[in-house]
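See below for the structure under consideration.
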Amino acid sequence: MLQPMSQFDDHDAFEAAARPSLSQRAMTGRAAPYLDGLNPAQRLAVETLDGPVLLLAGAGTGKTRALTTRIAHLLMQGRATPGRILAVTFTNKAAREMKERVARLMGETVEGMPWLGTFHSISVKILRRHAEMVGDGQVHLKSSFTILDTDDQIRLLKQLIAAENIDDKRWPARMLAGLIDDWKNRALTPSRVPEGESHAYDGKGAKLYAQYQRRLLELNAVDFGDLLLHCVMIFQAHPDVLAQWQDRFRYILVDEYQDTNVAQYLWLRLLAQAHRNICCVGDDDQSIYGWRGAEVGNILRFEADFPGAQVIRLEQNYRSTPHILAAASGLIAANKGRLGKTLWTEHTEGEKVRLIGHWDSEAEARWIGEEIEAFHGGHRHSVGRRSLNDIAILVRASHQMRAFEDRFMTIGLPYRVIGGPRFYERQEIRDAMAYFRLAVSPTDDLAFERIVNTPKRGLGDKAIQTIQREARAEGLSLLEGAAAVVASGALTGKGAANLRQFTQFMGRWHADALDSTVNHVELAERILDESGYTAMWQNDRSPDAPGRLDNLKELVKALEEFDNLQGFLEHVALVMDASESEQAEEVSIMTLHAAKGLEYPIVFLPGWEDGLFPSQRSMDESGLKGLEEERRLAYVGLTRAEKLATITFAGNRRMYGQWQSSLPSRFIDELPEEHVEVLTPPGLYGGGFGAAAQVMGQPFAQSAMHDRASRADVYNSPGWKRMQERAAVRPAPSHRPPIVIDAEPAARFAVGDRVFHQKFGTGSVMGIAEDTLTVEFPAGFKTIKAAYVQPASDAASDDAPF
DNA sequence: AATACCTTTGTTTTT
DNA sequence: CAAAGGTATT
């Protein structure tokens with residue numbers, strides 16, 4: 001079934017209007033003003049329009065500028081009209097930014113780039129036009145397909161797993177969702193899943209995958225992975241369709257190419273293989289999504305994939321000071337198999353990367369809080385007085401955020417967490433969306449399941465099963481099945497009455513949703529009120545109920561921007577990020593992953609401890625590859641900083657309710673020392689035991705114990721010793737042994753210490769929790785109070801570096 | 001059917 | 001330690 005070419009008429013009228021002025025400008029032959037200020041490499045990237053181009057753009061080298069100017073150039077040169085340029089990004093944010101910047105470059109002459117968007121949003125557009133090509137002889141996808149969210153996906157998989165009599169405790173639905181996602185990322189359809197990977201789920205992994213795909217088809221739904229995969233399958237099976245799109249997209253641009261997975265790679269290669277006008281921008285050193293299926297190999301292999309490709313390197317960095325750049329470059333140099341770039345900058349000024357260790361994660365948060373207050377108050381002249389918006393804290397794992405949130409809350413420092421639970425992923429929003437979905441398409445069984453009993457309508461498992469049985473038997477949707485059950489009287493009591501009311505309301509809402517004279521915003525409000533959903537939260541006494549009501553209001557408000565509910569639902573399925581229009585002065589806290597693509601004058605990088613960063617799990621699961629990805633993450637973190645980067649680590653960290661001690665990150669050792677300044681933690685005093693103990697009003701003996709503890713773990717690692725030596729070259733605050741003041745009384749021992757116990761003899765410490773230790777004695781493991789053991793006799797003599 | 005208690009289990013995340 | 005999920009209770 002071939003679509004006529006007229007399907008491509010979206011912007012033709014507009015293009016016709018724009019064309020004369022474009023060619024006029026091209027004919028003048030004068031250098032275009034938008035090219036001004038580009039460096040030679042950027043200019044080459046902009047002007048090399050034909051054939052494959054790989055643009056290796058290091059951090060802060062003006063990548064987006066090159067990309068957007070290239071688009072402007074294509075348009076200005078009359079090479080292509082906006083509708084014939086395909087420009088793909090990973091995130092909506094990146095797409096939005098590019099659109100804005102292209103628009104700015106072009107002045108008001110260009111209205112829009114219809115094919116500038118994320119892989120997924122572009123795939124939806126393509127897939128809607130060929131939906132019927134997906135499926136088998138019996139069922140096929142319809143153009144009106146819905147896009148599942150993760151909740152729906154899990155719910156569906158749970159049902160399938162249960163139907164196969166598989167214990168979903170051993171094999172959770174979540175995990176299967178992950179597997180399927182992984183397969184889709186690798187462009188593997190159920191029949192192509194390698195033998196060895198079906199072991200899970202009693203050997204039924206691939207079978208469940210096939211059943212899942214089948215169910216999706218029946219539900220006229222797709223998941224995120226399908227958007228790409230279906231497109232690839234269509235392109236491969238229908239050369240005529242592929243040819244249309246190849247002809248359509250004369251020029252292809254790809255952002256963040258290092259993050260593409262196999263499916264995306266195939267998608268791009270298919271579209272580009274005819275004319276080969278593809279320009280991929282990326283940085284192999286910033287590939288940090290390997291765990292999600294991204295293939296660094298794609299970028300490393302580019303020249304082999306596209307013979308004759310021109311490789312252009314953007315190496316002049318406009319973002320960071322020389323020390324930051326050098327520190328980051330030195331670190332990333334430890335990775336093997338890089339394409340290699342040498343970042344340089346014209347800047348000459350700037351502070352070194354600062355490094356500081358703390359006793360524990362609370363001290364770390366406290367110190368960073370004080371630093372931020374100092375920057376904000378202008379007490380730090382090197383960087384001047386700073387807005388809180390200039391400051392970011394980048395963590396490896398989101399649980400690290402808590403220490404900062406707690407601390408900032410108590411000192412009243414405004415902060416914002418970026419990339420936390422997203423607006424459209426909140427429970428109340430998803431519930432409301434399910435109501436809207438069902439009103440728009442009454443056959444959306446997944447939406448039905450989500451909300452039949454939300455708010456509680458007295459419908460339990462038994463009632464739901466009755467409805468499902470009825471629906472299956474009669475070939476009806478669940479909503480229709482529910483109506484049938486109500487009519488037949490198969491259900492009685494309160495549940496039946498509520499269900500009747502529910503189906504009646506839903507019928508009315510559906511009619512109203514189709515009625516263009518009914519205002520969709522008012523309809524949405526009415527749905528939430530009449531269903532009792534709003535009331536449910538109003539009656540909820542839990543502390544977050546008011547917030548949820550606010551969110552619902554915000555949701556309704558967001559509806560105003562759309563013409564109808566359908567349009568809104570489509571938008572939300574793809575654009576899962578909420579309006580982030582906060583302009584208050586706030587410190588930003590986010591994960592390193594969330595920080596990619598952002599920049600801040602002042603950056604704090606806490607938690608550089610082995611096991612946390614690099615993460616133990618990464619290394620266990622992916623070995624050297626994992627470690628290298630962690631290192632790239634460190635590189636990304638450092639290169640976010642414009643003026644000042646501060647790396648921090650803590651000797652003890654509360655994890656899963658237990659105090660764990662740890663060593664400074666191996667990445668710290670890898671930093672080139674001439675670009676690092678080692679700071680002395682405030683808890684370490686040079687004034688001698690007595691003085692420090694007096695200052696802090698603590699008993700002498702306890703201070704002495706802290707001192708020992710501090711040396712035993714953190715400050716006794718090779719990395720710390722080296723750092724200490726470097727610090728010693730500079731005027732040191734003191735030559736006296738520094739001691740830690742605010743130590744945990746319990747933690748005078750570190751993992752690995754030899755200890756002596758009256759009854760059990762000598763053993764080594766395996767774990768530390770508050771004031772108890774887990775110790776391996778000859779007799780076995782024992783958990784005992786720290787007070788009952790003492791350091792095995794001579795331990796102190798060989799670990800006194802100071 | 002809904003609540004109260006107990007067990008388990010803990011990276012990174014877009015679309 | 002806290003959140004989430006499952007089980008036991010009413």
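Numbers restart at 1 for each chain; the letters A, B, ... are given by sequence-line order, proteins then strands. Computed over heavy atoms, backbone and side chain alike; hydrogens, waters and symmetry mates excluded.
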Discussion item. Could you check whether A:S618 and A:E630, counting side-chain N and O atoms only, form a donor-acceptor pair closer than 3.5 Å?
Written reply: yes

Worksheet item: Under the 5.5 Å and 30° test, is A:W291 stacked on the base of B:dT12?
Response: yes

Item to complete: Kindly point out which of B:dT15, C:dC1, B:dA1 is positioned nearest to the side chain of A:Y656?
Response: C:dC1

Discussion item. Could you check, using the six-membered ring where one of them is a Trp, whether A:F649 and A:H358 have ring centers closer than 6.0 angstrom?
Written reply: no

Worksheet item: Looking only at N and O atoms, is any donor in the side chain of A:T91 or the base of B:dT15 less than 3.5 Å from an acceptor on the other one?
Response: no

Discussion item. In whole Å, I'd like the distance from the CD atom of A:Q465 to the C1' atom of B:dA1.
Written reply: 14 Å

Fill in: Rounded distance in Å - CD1 (A:I589) to P (B:dT12)
15 Å

Practice prompt. For A:S398, report the nucleic acid contact type (base, sugar-phosphate, nothing); a contact means any heavy atom under 4.0 Å.
Written response: sugar-phosphate

Discussion item. Under 4.0 Å, counting only non-hydrogen atoms across every strand here, what does A:D461 touch: a base, just sugar-phosphate, or nothing?
Written reply: sugar-phosphate

Worksheet item: Whole Å only: how far is the NZ atom of A:K456 from the P atom of B:dA2?
Response: 6 Å

Item to complete: Spell out yes or no: do the side chain of A:R396 and the base of B:dT12 have one donor N/O and one acceptor N/O closer than 3.5 Å?
Response: yes

Item to complete: Output the single nucleotide from B:dT15, C:dC1, B:dT11 whose closest atom is nearest the side chain of A:R654.
Response: C:dC1

